[in-house]
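Just so it is clear, the values below take in all heavy atoms, side chains as well, and ignore hydrogens, waters and symmetry mates.
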Amino acid sequence: MMTLTNKVVSLWSPVDKILSSLIPLTDLTARLYIAKVFFMSGWSKITDWETTLWLFEEEYKVPQLPPELAAYMATAGELLLPVLLVIGFLTRFATTGLFILNIVAVISYYTTLQSSPAALQDHLQWGIILAMLATAHVKYFTIDNFVERKLMSNGN
């Protein structure tokens, strides 16, 4: 006679297999989504550099950095790190860098974000996705995984 626990486990097992098979697609989707968000932000900065400099001088109050340097660093990070994230090269480095950019953006622009709950919510969601990507071992569709497998097969 099958116990209730055994029955639940036997019913759940196929669902678990389906969910597990979706991990690669979920990882890739999260990486592509976050990369697009940050890349588009960087693209808007670089395409209107005068406005970007003005924003960093007047609106974004990045602590401890001169506004022009902060503008260059943020723009470079928003344009380069998403590319690394999409191709899966130095994935944890890229996600950690974007996570830090996100935190700095929230801190620097908090008074404005505070009056826009949707924008603040966006940053919170991006932070959660970035934290998950940075702490998970993203191994699907990445150059990192290819390099790791190559090193393992060479005995290094």
Side-chain angles (χ1 to χ4, degrees), residues 12 14-152:
W12 178 254
V15 174
D16 185 57
K17 286 180 181 170
I18 291 169
L19 292 174
S20 292
S21 73
L22 294 174
I23 290 171
L25 183 61
T26 304
D27 284 349
L28 181 62
T29 302
R31 288 182 9 236
L32 293 175
Y33 168 71
I34 288 295
K36 180 183 177 193
V37 166
F38 283 88
F39 188 84
M40 295 308 291
S41 177
W43 189 258
S44 70
K45 285 177 178 66
I46 204 166
T47 56
D48 190 357
W49 191 246
E50 291 303 314
T51 300
T52 297
L53 289 176
W54 180 86
L55 284 169
F56 274 86
E57 289 168 4
E58 302 298 326
E59 294 280 328
Y60 308 151
K61 303 296 182 193
V62 179
Q64 307 299 319
L65 288 177
E68 190 170 354
L69 178 60
Y72 278 109
M73 289 176 66
T75 304
E78 288 178 336
L79 291 173
L80 298 175
L81 295 174
V83 173
L84 293 177
L85 193 56
V86 166
I87 64 174
F89 185 62
L90 303 173
T91 307
R92 284 187 164 164
F93 171 79
T95 55
T96 302
L98 291 172
F99 186 82
I100 292 167
L101 265 172
N102 190 49
I103 289 173
V104 171
V106 170
I107 291 169
S108 303
Y109 206 49
Y110 186 75
T111 53
T112 302
L113 288 174
Q114 201 173 16
S115 63
S116 176
L120 193 54
Q121 184 69 28
D122 284 344
H123 282 276
L124 176 62
Q125 290 171 353
W126 300 333
I128 291 168
I129 294 169
L130 285 163
M132 290 174 68
L133 288 170
T135 57
H137 183 71
V138 177
K139 60 183 179 180
Y140 304 100
F141 309 117
T142 66
I143 291 174
D144 291 341
N145 190 45
F146 174 77
V147 170
E148 186 177 308
R149 282 194 330 242
K150 272 294 214 200
L151 290 174
M152 297 289 267

Within the supplied structure, the quantity of interest is the number of heavy atoms (other residues, nucleotides, ligands) at a distance under 6.0 Å from Glu68 CD; does it exceed 12?
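No, not enclosed.
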When you look at CG of Leu69, are more than 12 heavy atoms from neighbouring residues, nucleotides or ligands closer to it than 6.0 Å?
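Counting other residues, nucleotides and ligands, CG of Leu69 exceeds 12 neighbours.
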Give every residue pair that meets the side-chain hydrogen bond (donor to acceptor under 3.5 Å, both in side chains) criterion with at least one member in residues 117-138, sequence neighbours excluded.
Tyr33-Trp126, Asn102-His123
Roughly how far apart are [X] [atom1] and [Y] [atom2], rounded to 0.5 Å?
X	Y	atom1	atom2	answer
Leu80	Leu84	CG	CG	7.0 Å
Trp43	Thr75	CH2	OG1	12.0 Å
Glu59	Glu57	CD	CD	11.5 Å
Ile23	Tyr140	CD1	OH	5.5 Å
Ser41	Ile46	OG	CD1	12.0 Å
Leu55	Asp48	CG	CG	8.5 Å

What pair of heavy atoms forms the shortest contact from [X] to [Y], and how long is it?
X	Y	answer
Ala74	Leu101	CA-CD2, 3.8 Å
Gly88	Thr142	O-CB, 3.4 Å
Ala105	Leu113	O-CD1, 4.2 Å
Val86	Ala35	CG2-CB, 3.4 Å

Find out whether [X] and [Y] are in side-chain contact, i.e. whether some heavy atom of one side chain is under 4.5 Å from a heavy atom of the other.
X	Y	value
Val106	Leu120	yes
Leu130	Phe38	yes
Leu19	Trp12	yes

Arg31 (side chain) donor-acceptor with Thr91 (main chain) under 3.5 angstrom
no
Expected output: side-chain Ser21 to main-chain Ile18 donor-acceptor under 3.5 Å
yes
Within residues 59-92 or reaching into it, pairs that qualify as ring pair (Phe, Tyr, Trp, His ring centres under 6.0 Å) - sequence neighbours excluded:
Trp49-Tyr72, Phe56-Tyr60, Tyr60-Tyr109
Quickly, which of Thr95, Ile128, Leu98 forms a side-chain contact (heavy atoms from CB on, under 4.5 Å) with Leu133? Name it, please.
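Testing Leu133 for a side-chain contact (heavy atoms from CB on, under 4.5 Å) against Thr95, Ile128, Leu98 leaves exactly one candidate, Thr95.
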